[in-house]
Amino acid sequence: MIPYNTFEFFIVYFGLTFIVYTILPRKVKWCALLIGSVVYYVFSANGNFVSLLVSAASIWLVGIIIQKFNDEFAIRKKEAPRTERKALKAKYKKKKLIVLNIGIILNIGLLLTLKYGNFFVGTFGSIFRLDVPTLKLVQPLGISFYTLQAVSYITDVYRGKHRAERNPLKLLTFLSFMLTIMEGPIARWEKLGPQFTESKKIGTKDLYTGAVLIGWGLFKKVVIADRAAILVNNIFNDFNAERPGIIVFIGVLCYTLQLYCDFSGIMDVINGLALLLGIEMPENFTRPFFAKSINEFWQRWHITLGSWLRDYIFYPISLSKPFMSLTKSARKKFNPYYANLIPTAVALFFVWFSNGLWHGSAWKYIVYGLYYYVLMMLGLFCEPLSAKVCAALRINRKSKAFAFFQMVRTFFIVNFGMLIFRANTLTVTGQAVKAMVTNPQFSAVLIGTKNGLGLGLLDYVILALGFFTILFVGIAQERGIVIREKLYKLPYPVRALILLAGIVFIIIFGAYGEHYGVPDLLYANF
């Protein structure tokens with residue numbers, strides 16, 4: 001794996017690709033992205049390239065066949081009498097659905113086999129008390145991301161959202177694109193695909209904004225996340241159940257900070273690099289810790305995964321004919337509010353089960369997903385009661401005080417989810433909760449640098465300053481202040497000096513070198 005925050009990636013892979021991309025004529029610029037992305041993937045994945053090729057080839061063929069049916073139906077619909085059009089539509093829909101399902105089964109099947117094969121076999125063996133051998137499977141780099149992109153592509157062709165791409169190499173560029181293959185965002189063809197051939201003209205604003213985004217992302221990743229990783233790993237890699245609860249609690253908070261700065265920081269780097277190519281990437285984070293509910297949090301966190309689960313799992317299930325009929329009959333027997341929750345409850349179960357399983361082949365990830373499912377369903381079912389209680393207590397649910405309470409409540413709920421996510425096993429999660437509840441030992445925080453967490457006083461100061469910097473920037477953005485726009489409006493020497501100062505700060509205070517190492521990109525492991 002060659003992380004995005006290394007000199008090797010910036011200078012060799014992206015750097016050379018950027019130079020060739022800039023030189024080539026507009027119509028063939030995408031070839032530079034294809035070659036650069038394939039080379040980057042092959043070296044990052046140690047040559048394991050077959051499954052990506054299979055996915056690209058399969059969605060190209062499936063898309064072409066479905067598009068052929070779409071075009072045939074459009075022609076025959078005009079020629080057929082009105083009385084026969086409904087039957088004709090059903091006939092072609094059935095044909096397209098068969099082809100679509102073959103494409104989905106192939107791609108999801110590859111994902112389930114290569115990423116989850118040993119998990120399923122091990123679970124089967126545990127249930128039936130069998131001694132099953134471990135399968136020799138290699139999980140291809142980025143398969144969790146490019147599989148979802150592949151499924152969205154053929155599904156959208158089926159739905160008629162865009163035409164099938166006739167050039168298989170452009171689809172390979174879409175799936176293997178070096179800026180999405182490792183950690184996402186999970187892009188859609190209709191948004192990203194056309195940009196490969198449009199080759200938007202790059203202006204000075206794009207270059208400066210891209211540079212600022214890259215710098216901001218590296219600050220979050222290299223200065224904060226990689227420094228917090230040392231403390232978090234010292235607590236959770238070999239968890240000690242006797243450790244003071246307050247230290248465990250700090251570890252959970254630091255992991256939340258680490259994961260956010262690592263993932264969102266790399267997304268900023270990716271968005272900045274894409275702007276240098278004249279490409280706009282989908283937003284993946286919008287200040288999630290200002291969310292006032294779990295639902296809102298997931299609308300702000302890993303947005304492209306959430307929108308994928310919504311469009312390709314939630315809506316197809318909740319809006320299917322059986323569930324629409326069930327809702328209709330339920331309204332006759334139950335309160336309309338709760339009747340409408342029936343399809344939502346079923347669809348959300350599959351959404352959150354899939355969300356958890358997507359993150360990894362372990363039961364802790366499934367529990368992580370279902371944790372949010374239970375909380376979300378409790379919130380929906382208790383909403384009428386909550387409204388009545390607030391009205392009885394004369395609590396203004398639109399007040400700033402109540403909004404602040406909601407943000408704090410959501411923050412702690414999310415942090416418990418982060419504990420499930422980070423702990424090596426569910427047993428460790430239980431031990432961590434027990435330590436925080438029964439053995440807090442608040443005095444342990446006074447030990448300072450002698451608590452065996454691997455950080456010195458300067459590291460704690462930098463973490464604190466980094467946290468408050470992100471907080472203040474987030475508050476400004478929540479108020480509609482676009483800081484990048486403000487910086488670009490400054491005189492050229494001033495904004496150049498600010499950018500240079502940021503680069504120097506990252507070089508001086510970045511957590512890299514012999515003492516720190518270069519931690520992997522967290523979401524590249526999922």
Note to self: Using the salt bridge (Lys or Arg N to Asp or Glu O under 4.0 Å) criterion, which residues pair with Glu190? Sequence neighbours excluded.
What the structure shows: Lys161
Pairs under 3.5 angstrom only: tabulate donor-acceptor contacts from the side chains of residues 265-273 to other protein residues two or more places apart or in another chain.
residue : atom : partner : partner atom : Å
Asp268  : OD2  : Lys220  : NZ           : 2.8
Asn271  : ND2  : Met267  : O            : 3.4

Next item on the list: Please say whether more than 12 non-hydrogen atoms of neighbouring residues, nucleotides or ligands are located less than 6.0 Å from OH in Tyr371.
Entry: yes
Note to self: Applying salt bridge (Lys or Arg N to Asp or Glu O under 4.0 Å), can you list everything that pairs with Arg287, at least two apart in sequence or on another chain?
What the structure shows: Glu478
Next item on the list: Under the salt bridge (Lys or Arg N to Asp or Glu O under 4.0 Å) rule, collect the residues that match up with Glu283, sequence neighbours excluded.
Entry: none
Note to self: Which residues pass the ring pair (Phe, Tyr, Trp, His ring centres under 6.0 Å) test with Phe49, not counting sequence neighbours?
What the structure shows: Tyr41
Notebook entry, point to check: Between Asn107 and Tyr153, is a side-chain hydrogen bond (donor to acceptor under 3.5 Å, both in side chains) present by the stated rule, with each step listed?
Noted result: CA-CA 12 Å; Asn107 282 275; Tyr153 169 79; over 6 Å; no
Note to self: For Tyr372 and Tyr368, take the angle between the two ring planes, folded into 0 to 90°, and tell me which bin it lands in: parallel under 30, tilted 30 to 60, perpendicular over 60.
What the structure shows: perpendicular
Note to self: Could you go through Glu165 and Trp60, starting from their C-alpha distance and side-chain angles, then the distance that decides it, and tell me whether this counts as side-chain contact (heavy atoms from CB on, under 4.5 Å)?
What the structure shows: CA-CA 7 Å; Glu165 173 56 53; Trp60 172 76; 5.8 Å; no
Next item on the list: Give a yes-or-no answer on whether the side chains of Thr425 and Lys364 include a donor-acceptor pair shorter than 3.5 Å.
Entry: no
Checklist line | Given Leu171, Ile154, Leu106, the one that forms side chain to side chain contact (heavy atoms under 4.5 Å, CB included) with Ser58 | finding: Leu106
Note to self: Show, in sequence, the C-alpha distance, side-chain angles and deciding distance for Asn70 and Arg159, and conclude whether the side-chain hydrogen bond (donor to acceptor under 3.5 Å, both in side chains) test is met.
What the structure shows: CA-CA 9 Å; Asn70 283 339; Arg159 292 173 178 175; over 6 Å; no
Check: Aromatic ring centroids of Phe416 and Phe412 under 6.0 Å?
Finding: no
Item checked: Thr173 side-chain N/O to Leu169 backbone N/O, donor-acceptor pair under 3.5 Å -> yes
Item checked: All pairs passing salt bridge (Lys or Arg N to Asp or Glu O under 4.0 Å) where residues 58-71 contributes a residue, at least two apart -> Asp71-Arg163
Next item on the list: Go through the structure and list residues passing side-chain hydrogen bond (donor to acceptor under 3.5 Å, both in side chains) with Glu198, not counting sequence neighbours.
Entry: none
Notebook entry, point to check: Can the ring centroids of Phe145 and Trp358 be said to lie less than 6.0 angstrom from one another?
Noted result: yes
Check: When you look at Ile462 and Phe467, which way does the side-chain contact (heavy atoms from CB on, under 4.5 Å) test go after all the steps?
Finding: CA-CA 8 Å; Ile462 292 173; Phe467 167 75; over 6 Å; no
Return all side-chain donor-acceptor pairs below 3.5 angstrom for residues 8-17, not counting sequence neighbours, or 'none' if the list is empty.
residue : atom : partner : partner atom : Å
Thr17   : OG1  : Tyr13   : O            : 2.7

Margin query: Please determine whether side-chain contact (heavy atoms from CB on, under 4.5 Å) holds for the pair Met436 and Leu419, giving the CA-CA distance in whole Å, both sets of side-chain angles, and the decisive distance to 0.1 Å.
Written below: CA-CA 12 Å; Met436 288 187 284; Leu419 171 59; 3.9 Å; yes
Item checked: Verdict with reasoning, Asp459 to Ile230, per side-chain contact (heavy atoms from CB on, under 4.5 Å) -> CA-CA 10 Å; Asp459 293 309; Ile230 297 170; over 6 Å; no
Next item on the list: Tell me whether the guanidinium CZ or amine NZ of Lys96 lies under 6.0 angstrom from the six-membered ring centre of Phe69 and within 45° of its axis.
Entry: no
Check: For the residue pair Phe263 and His302, does the interplanar ring angle fall in the parallel (under 30°), tilted (30 to 60°) or perpendicular (over 60°) class?
Finding: perpendicular
Notebook entry, point to check: Can you name the residues that form a ring pair (Phe, Tyr, Trp, His ring centres under 6.0 Å) with Phe174, not counting sequence neighbours?
Noted result: Trp189
Item checked: Set of ring pair (Phe, Tyr, Trp, His ring centres under 6.0 Å) partners for Tyr315, sequence neighbours left out -> none
Next item on the list: Return the set of residues passing side-chain hydrogen bond (donor to acceptor under 3.5 Å, both in side chains) with Asn118 (not counting sequence neighbours), or none when no residue passes.
Entry: none
Item checked: Phe120, CZ atom: more than 12 neighbouring heavy atoms under 6.0 Å -> yes
Could you tabulate the donor-acceptor pairs under 3.5 Å formed by side-chain atoms of residues 122-138, not counting sequence neighbours?
residue : atom : partner : partner atom : Å
Thr123  : OG1  : Phe119  : O            : 2.8
Ser126  : OG   : Gly122  : O            : 3.0

Notebook entry, point to check: Is the Phe411 to Phe297 ring centre distance short of 6.0 Å?
Noted result: no
Notebook entry, point to check: What is the ring orientation for Tyr365 with His359, classed by angle as parallel under 30°, tilted 30 to 60°, or perpendicular over 60°?
Noted result: parallel
Next item on the list: Please name the pair of heavy atoms, one in Met376 and one in Trp352, separated by the smallest distance, quoted to 0.1 Å.
Entry: CE-CZ2, 3.5 Å
